[in-house]
Amino acid sequence: MDELPLVLVHVLPPFEIPFKGRLQSRFQLIDSSDSTFSPHASVLLCVGPAPVSSDTLRHLPSLQCIVGSSAGVDHIDLEECRRRGITVTNAGSSFCEDGADFAIGLLIDVLRRISAADRYVRAGLWPMKGDYPLGSKLGGKRVGIVGLGKIGSEIAKRLVAFGCRIAYNSRNKKSSVSFPYYANICNLAANSDILIICCALTKETHHLIDKDVMTALGKEGVIINVGRGGLINEKELVQCLVQGQIRGAGLDVFENEPDVPKELFELENVVLSPHKAIATLESLASLQELIVGNLEAFFSNKPLLSPINLD
Ligand SMILES: O=CC(=O)O
């Protein structure tokens, strides 16, 4: 029997190789630290956010392709990949709809205080206090979307249906989109009630949302982050929330996951989630097809299904 194609797997606990059985029936899966195989491997399956640094890549001289399992690829040294001509794939469209649903869920939760209301009822406060504080309506709000990529566009589609007014910031103005574009993030914040952060984390976008942006957003402003923790200056975010300089936040991502700033635990106007915005049974099933499809395409010299643009 022919040997199965060799796939190096790069994974850090607590992440695990997804659908291992299915992959093992088609590929020979070898841990990326195995020095017998790593010099010869042409493809690396990168599971979750396992860092692929230039040092990792130095030990993989034959590498031609990294098959990723996430939408964001900030854990991969893309400059080195570009220099070496290594192609990189990501989760493609697998996570867009579920990531967008979750962003809207966080937003409605913050505005209408759903998680806080749940805590109120469970604590037995309803019979004692009686009047739960009113939240705010989503329809009619001005929402600034930071990053109008695959997930951002799905978020926009949903918010239009809610009757929100959309504007956006991204690297470039998109000719196919009629929403107002703000090249300057502070200007976008000053003209928004809500900022939804869903852009890629890069050197340029690190700490894009800082105290100045939050001050521009104002005391009634809400921030939702389903992108990466590093997009926001977390210390300044915590300070603004504690001091009431913004109204609330819905956060799926943090700067030093799984650590979450303890000050946030005390705040009723903050909704926290453990970096799971994109994950559903359905999105992971779709990812499974995509990963197998990318690996099969690579080994049969066909176009990859979800290559990212490294230019
Ligand atoms: O955050 C999750 C991802 O980038 O897929």
Side-chain angles (χ1 to χ4, degrees), residues 9-19 44-53 66-78 81 87-107 145-155 170-171 195-209 223-232 234 237 249-260 271-295 304-310:
V9 182
H10 193 52
V11 55
L12 290 182
F15 287 84
E16 288 172 10
I17 302 177
F19 38 93
L44 180 74
L45 170 59
C46 182
V47 179
V52 184
S53 61
I66 299 174
V67 172
S69 63
S70 54
V73 283
D74 48 290
H75 55 297
I76 300 177
D77 187 334
L78 296 180
C81 290
T87 51
V88 179
T89 70
N90 72 353
S93 300
S94 304
F95 295 157
C96 302
E97 293 180 353
D98 297 306
D101 289 352
F102 203 88
I104 303 295
L106 283 176
L107 176 55
I145 300 180
V146 181
L148 203 66
K150 288 194 171 83
I151 294 181
S153 304
E154 288 294 330
I155 291 173
S170 61
R171 247 169 309 182
L195 283 183
I196 300 187
I197 321 300
C198 50
C199 62
L201 176 61
T202 63
K203 271 190 271 180
E204 292 73 34
T205 60
H206 181 253
H207 284 190
L208 179 68
I209 309 298
I223 289 186
I224 303 298
N225 190 4
V226 291
R228 285 290 181 268
L231 292 164
I232 303 185
E234 194 166 88
L237 172 67
L251 307 170
D252 181 54
V253 286
F254 303 88
E255 278 207 82
N256 299 303
E257 293 172 6
D259 293 341
V260 175
V271 179
L272 304 169
S273 147
H275 199 152
K276 281 281 179 276
I278 47 79
T280 62
L281 295 172
E282 291 81 1
S283 70
L284 295 184
S286 156
L287 178 69
Q288 173 171 165
E289 295 309 315
L290 186 70
I291 287 180
V292 171
N294 271 319
L295 289 171
L304 295 166
L305 304 185
S306 58
I308 61 165
N309 184 357
L310 290 179

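Whatever order the structure lists ligands and atoms in, that order sets their numbers, starting from 1.
Of all atoms in ligand 1, listed by their number and element, those nearer than 4.0 Å to a heavy atom of Gly72 are 3 (C), 4 (O). Residue contact check: Ile278 has heavy atoms under 4.0 Å from atoms 2 (C) of ligand 1. Atoms of ligand 1 found under 4.0 Å from any heavy atom of Phe95 (numbered from 1 in listed order, with element): 5 (O).
The side chain to side chain contact (heavy atoms under 4.5 Å, CB included) test with Thr89 singles out one residue from Leu305, Leu290, Val67, and that residue is Val67. Residue Ser94 forms a side chain to side chain donor-acceptor pair (under 3.5 Å) with just one option from Ser286, Ser306, Ser69, and that option is Ser286.
Atom CD of Glu257 is separated from atom CG of Asp252 by 7.5 Å, given to the nearest 0.5 angstrom.
Considering backbone and side-chain atoms alike, Arg228 places an N or O below 3.5 Å from some N or O of ligand 1.
The minimum heavy-atom distance linking Ile145 with Leu148 is given by the pair CG2-CD1, 4.0 Å.
By the 4.5 Å heavy-atom criterion applied to side chains, Arg228 and His275 are counted as neighbours.
For atom 1 (O) of ligand 1, the closest non-hydrogen atom on the protein side is His275 NE2, 2.5 Å. Protein heavy atom closest to atom 5 (O) of ligand 1, with residue, atom name and distance, is Ala71 N, 2.6 Å.
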